[in-house]
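I have placed the structure first, in the form of structure tokens, so that the comments after it can refer back to it.
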Amino acid sequence: MIAIYPGSFDPITLGHLDVIQRGCKLFERVVVAVLRNPNKMPMFTVQERLDQIRISTQHLPNIELDSFDGLTVNYAQIRQAVVIIRGLRVLSDFEKELQMAHTNKTLSDKIETVFLATSTEYGFLSSSVVKEIARFGGSVDHLVPKHVAKDIYNKCYAKTHPESAPTSTNPALKMNCPNVELEA
Ligand code: PNS
């Protein structure tokens, strides 16, 4: 059974990774699909996000990475997937996610949404939280894979303040991360 895990992944967090790993145990194949959304101003390009996910998931044999645009259910059908995986963190997620699952059901009744409850330690975690912390100069080392933290620091700090690039002993710097949309 093929499942897709669609999302923005801007950037992938340890919470996403947790959902991916658990999805890979449940399904024969998991396609992690990055939405190409021209209306958003992301921190990372689609290619950068795919590279980040690829490095983070090298240990998983039954994973595939892709990007898509348009409706998720159409993409799922193209990939012959019968399941859409979504992670659920807190109650506020539930409303939005249930609405999305119901909408998708009206578009295709062949595709089921399966919710995976996020592990408790990642209940607060989102890409937006990561970007917000980074924007205000905090450390995100504990929230994203190591190489992604490095990408974030490079993107946010190194270009404007190369002399102040964070280190493990001094991760919290007061740098701004301009032109980054904090939504999602
Ligand atoms: O990581 P995100 O931003 O919460 O992912 C949201 C995503 C990509 C799953 C959702 O926006 C989506 O499915 N977009 C594609 C358009 C679509 O299918 N819309 C109908 C469902 S509301």
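Whatever order the structure lists ligands and atoms in, that order sets their numbers, starting from 1. Only heavy atoms go into these numbers, but all of them, side chains included; no hydrogens, no water, no symmetry mates.
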Practice prompt. Using heavy-atom distances, let me know which of N37, D10, T113, T72 sits nearest atom 15 (C) of ligand 1.
Written response: T72

Item to complete: Using non-hydrogen atoms of the residue, decide whether G70 is closer than 4.0 angstrom to ligand 1.
Response: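 Right, G70 reaches ligand 1.
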
Worksheet item: Are any of the N/O atoms in R86 less than 3.5 Å from those in ligand 1?
Response: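 Min N/O separation from ligand 1 is below 3.5 Å for R86.
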
Worksheet item: Are any of the N/O atoms in E97 less than 3.5 Å from those in ligand 1?
Response: no

Considering only heavy atoms, does [X] approach ligand 1 within less than 4.0 Å through its side chain, its backbone, both, or neither?
X: L107; answer: neither
X: Q99; answer: neither
X: L35; answer: side chain

Worksheet item: Does any non-hydrogen side-chain atom of T118 lie less than 4.5 Å from one of F124?
Response: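 They are not in contact (no side-chain heavy atoms under 4.5 Å apart), so the answer is no.
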
Worksheet item: Do L143 and V148 have side-chain heavy atoms sitting under 4.5 Å apart?
Response: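 Counting from C-beta outward, L143 and V148 never come under 4.5 Å.
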
Discussion item. Just verifying a value: how many Å separate K146 NZ and I55 CD1, rounded to the nearest 0.5 Å?
Written reply: 14.0 Å

Practice prompt. Could you tell me whether K131 and D10 make a salt bridge, using a distance below 4.0 angstrom between a side-chain N and a carboxylate O?
Written response: yes

Worksheet entry | N104: numbered ligand 1 atoms lying under 4.0 Å from its heavy atoms |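 Those atoms are 20 (C), 21 (C).
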
Discussion item. Around atom CD of Q80, are there more than 12 heavy atoms from other residues, nucleotides or ligands closer than 6.0 Å?
Written reply: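 It does not: Q80 CD has 12 such atoms or fewer within range.
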
Practice prompt. Describe, in one word, how the ring planes of Y75 and F68 are oriented to each other, choosing from parallel (under 30°), tilted (30 to 60°) and perpendicular (over 60°).
Written response: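 Plane angle under 30°, so parallel.
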
